[in-house]
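Letters go in sequence order (proteins before strands), and every chain restarts at 1.
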Amino acid sequence: MLLAALPLVFALAGLGLYVVLAGADFGAGFWQLFAGRGPRAARIREHAHDSMAPVWEANHVWLIFVLTVFWTAYPTAVGSIASTLAAPLFIAAVGIILRGAAYALRSGTSEGRELRAIDTIFSISSILTPFALGAAVGGIASRRVPVGNAAGDFFSSWLNPTSILIGVVAVAASAYLAAVYLVADAARRGEAELERAFRARALGAGTLSGAIAIGGLAALHSDSHPLYHELVAGEALPALVVSILAGVATLALVYRRRFEAARYSAALAVACVVAGWALGQWPTILPGLTVREAAASHDTLVAVVVAVLAGAAILFPSLALLFRLTLTGRLHGAEAPAPDLASPRGEGVSNPALLGRVAVACLIVGFGLLNVAEAGWAHAVGVAGLFGFIVSAFLAIVPAALA
Amino acid sequence: MSALASALAPVHQQYLLEARQMQALSFAVHIPLVAFGISFPAMVLFVEWLSLRTGDPLYRTLARRWTRVMVALFAVGVITGTILSFEMGLLWPNFTATFGGVFGLGFAIEGFSFFMEAIFIGIYVYGWGRLSPRAHLLSGVPIVITGFTGSLTVISVNAWMNHPGGFHLRGGKVVDVNPLQALFANSYLWHELIHMYIAGYIVSGFLVAGAYAFARLRGRWGRYERTALAIPLTIAALASPVQVLVGDWAARDVATTQPVKLAAFEGVGQTRRGAPVHLLGWYTGGRVKYGIAIPHALSLLAFHNWSAKVQGLAAVPPNQRPPVNVVRVAFQTMVGIGTMLALLGVAYLVVRIRRRRLPESRWFYRAVVLAGPLSLVALIAGWVTTEVGRQPWVVYGVMRTTDAVTGAQGIPVGYATLAVTYLAVACGVIWVLRRLARAPLELLTDRQDT
């Protein structure tokens with residue numbers, strides 16, 4: 001059972017990280033849309049963009065991680081979910097395309113009108129995507145996705161009270177997270193005006209999203225009673241309590257300008273919502289399909305767990321580096337002038353003639369072993385030979401071309 | 001093998017063809033960006049390395065300009081790649097439900113590659129002028145490595161679909177799953193991987209060089225343009241003849257493991273000894289008409305034997321054959337363009353080595369301008385060859401594409417929406433690249449890469 005559940009724990013942890021990291025990224029788009037007009041609004045939009053630009057791609061990849069772990073370890077569930085919830089997932093996908101394209105386009109201009117047009121596309125898709133993803137989650141949480149190829153209803157599986165509630169909560173929580181992170185970034189950079197602006201937003205959005213989430217329990221009471229019951233009286237209650245406490249703590253921290261600590265409590269408040277969903281639904285993924293039944297074969301689960309642990313061993317130090325550089329402001333601000341190298345060496349390599357001969361030898365070996373010989377090992381050596389040819393010939397030829 | 005009992009009950013999908021086209025569109029948009037993703041960072045790093053080695057500001061300017069192109073294309077590659085992973089479930093839920101446990105691991109590992117790539121792209125792009133020169137150069141190295149490991153794992157899945165293993169069917173059920181064996185002990189993986197990896201260098205090499213060849217034709221030809229042309233062009237010129245050799249290897253592997261696909265490449269109707277290769281022509285009525293036949297060439301190329309037996313399409317029932325002309329035209333397009341690119345590459349190398357200078361003919365530069373888009377066409381044609389050539393199977397010989405498709409409605413709407421969205425994205429990318437190309441040189445060295 002532990003083995004069957006472990007990939008799910010990884011995927012949920014990944015989902016939690018996606019929600020608290022990429023969620024803020026969506027929320028930044030939300031604030032860009034409601035920044036208003038004029039130079040102050042432009043500064044707000046610029047700040048929202050600059051804070052997220054170095055990290056958005058890495059944040060976004062958590063979604064890919066969740067998807068790939070999920071479809072490897074629980075393939076039947078993924079097939080059922082994706083086919084029934086095709087519409088909201090497709091809407092989220094289109095939103096993701098538009099957001100990424102907006103990032104790419106933004107590098108082509110610094111002109112106000114064009115920037116505003118790009119930011120508007122970015123913002124609308126930043127609201128659409130979390131809403132659609134939340135609505136899809138709502139379909140699963142309210143047990144509207146049966147096992148089977150498109151066995152659930154194409155519309156009501158995601159256009160229902162629970163889905164709409166979770167979609168709205170996703171948008172509100174994103175805006176809240178973004179405001180908390182952005183006020184911390186503004187304070188660190190000593191931008192008093194932006195700090196004031198985002199502090200007010202953080203307080204407002206925090207209060208509002210807490211109110212929506214708690215008020216939403218009423219909607220759950222009638223629309224998906226089992227989930228409601230789990231949240232208020234069952235296994236998920238601790239998560240709900242922690243989420244509320246962390247949310248209140250965040251408001252207090254933001255109010256008292258303890259912004260760095262507020263980052264973490266805000267993230268905890270939102271992550272607990274994901275945990276609450278997971279605990280509330282445990283141990284079934286879909287109606288009639290438990291985690292154990294949905295799990296792939298033993299060898300696959302072992303391979304996934306090993307791959308995730310090994311991957312994490314490389315990933316987390318790299319992520320830590322990225323966040324350390326971002327949070328300490330090393331990737332922002334003024335650049336150093338181009339380095340003035342004291343003792344420049346010449347271009348290229350010392351002996352092009354020798355390299356040329358190596359290249360010819362590599363080419364002959366490569367051709368012989370890849371295209372004449374038949375054995376597998378010969379092909380491997382042949383490929384190495386051909387790569388050797390490309391590299392050595394490149395180094396032999398290119399420097400002289402640069403004169 | 002016994003008939004497959006898939007995880008979810010197969011359904012009838014009226015719009016199967018549209019679903020396949022939607023998938024093909026998504027690949028066709030993503031693959032050119034992959035080509036850049038696996039090769040362009042290495043070129044940028046090489047130029048940055050030259051700038052550190054020589055202290056010449058020209059290299060620094062060039063590396064920074066290319067960085068901006070790289071990051072814009074990477075962003076679009078991230079999202080188009082995400083769409084592909086959504087479509088695995090949205091369009092082919094039964095494929096994922098039945099075989100996710102077998103092939104999914106490849107994507108899970110790829111996820112980590114992609115993660116590392118995204119992290120270090122962020123550091124590299126925003127680290128210009130902010131990290132120490134050496135640290136900055138080093139931060140680019142993982143991008144090059146993950147470009148390779150990413151293609152390795154994704155292609156391991158495609159190779160598995162073409163040459164499935166690592167599981168058994170018992171009573172129609174998928175059992176004895178060994179994902180590592182399925183993905184990485186597959187002889188089919190290696191030629192696909194190397195063929196695609198080299199294609200990446202050819203495509204980005206010719207496309208980047210083409211931009212500066214165009215500048216030369218317009219009369220802009222300083223040291224900056226010469227350098228920016230020579231580096232990618234030399235890479236593409238070396239890689240394209242090598243690709244001919246790698247392609248020969250790939251075709252021999254296809255001949256032994258996917259004989260029906262090979263028969264579709266060449267339009268071989270009946271099994272025969274000493275089969276010819278036909279250039280051009282059209283497959284109809286079980287043979288190639290209007291083509292130029294080269295006797296015995298197919299037997300010789302595919303099996304290294306003058307009179308080797310080549311299996312014809314008639315060896316399998318009609319419902320197990322791919323659409324021959326689509327596959328054959330795509331194959332001939334790839335091979336034809338590939339051959340011309342190799343010749344162009346050799347011509348460049350001869351001038352470079354014999355005369356110790358760049359070519360001077362305007363016709364050469366016109367050819368380089370054309371070579372960029374043509375290499376892209378060859379890349380897509382190559383993937384059409386292997387993917388349409390796999391039909392009607394999604395998992396070769398095991399699961400039919402018909403049985404993999406979703407039962408959800410709305411495929412035409414989704415297809416149209418995606419097509420319009422991608423058209424807009426393509427226009428946006430062209431707009432951005434033109435903007436970046438037009439920005440004055442000095443300005444760029446001082447501006448941040450945001």
What I want to find out is whether B:Arg435 reaches A:Glu114 closely enough, with some N-O distance under 4.0 Å, to be called a salt bridge. yes

Heavy-atom side-chain proximity of A:Ile97 to B:Ile83 below 4.5 angstrom: yes

Determine whether B:Leu8 and A:Ser80 make a side-chain contact, defined as any pair of heavy atoms from C-beta on separated by less than 4.5 Å. yes

Yes or no on ring-ring contact (aromatic ring centres under 6.0 Å, His included) for B:Phe114 and A:Phe65, after CA distance, side-chain angles and deciding distance? CA-CA 9 Å; B:Phe114 182 27; A:Phe65 169 80; over 10 Å; no

Report yes if the side chains of A:Thr68 and B:Phe112 come closer than 4.5 Å at any heavy-atom pair, otherwise no. no

Answer yes or no: is there a side-chain heavy-atom contact under 4.5 Å between A:Tyr103 and B:Val78? no

Max heavy-atom pair count under 4.5 Å with chain B, selected residue of A:Leu89, A:Val147, A:Leu67: A:Leu89

Return the option, out of A:Ala87, A:Ala307, A:Ala296, with the maximum number of heavy-atom pairs under 4.5 Å with chain B. A:Ala307

Does any non-hydrogen side-chain atom of B:Val242 lie less than 4.5 Å from one of A:Phe387? no

Can you label the angle between the A:Trp71 ring and the B:Phe103 ring as parallel, tilted or perpendicular, going by 30° and 60°? tilted

Over all heavy atoms of both residues, which pair between A:Asn149 and B:Val405 is shortest? Give the atoms and the distance, please. ND2-O, 3.0 Å

Identify the heavy atoms of A:Leu321 and B:Ile123 that sit nearest to each other, and give their distance. CD2-CD1, 3.8 Å

Minimal heavy-atom distance between B:Val177 and A:Ser297, with the atoms involved, is CB-OG, 3.5 Å

Specify the closest pair of heavy atoms between A:Leu331 and B:Gly122, including all atoms of both residues, with the distance to one decimal. CD1-O, 4.3 Å

Nearest heavy-atom pair of A:Ile314 and B:Met116: which atoms, and what distance? CG2-CE, 3.4 Å

Show your reasoning for whether side-chain hydrogen bond (donor to acceptor under 3.5 Å, both in side chains) applies to B:Asn178 and A:Asp299. CA-CA 6 Å; B:Asn178 183 339; A:Asp299 283 11; 5.0 Å; no

Closest heavy-atom contact between B:Phe115 and A:Ala58? CE2-O, 3.2 Å

For the ring pair B:Trp190 and A:His379, is the centre-to-centre distance below 6.0 Å? no

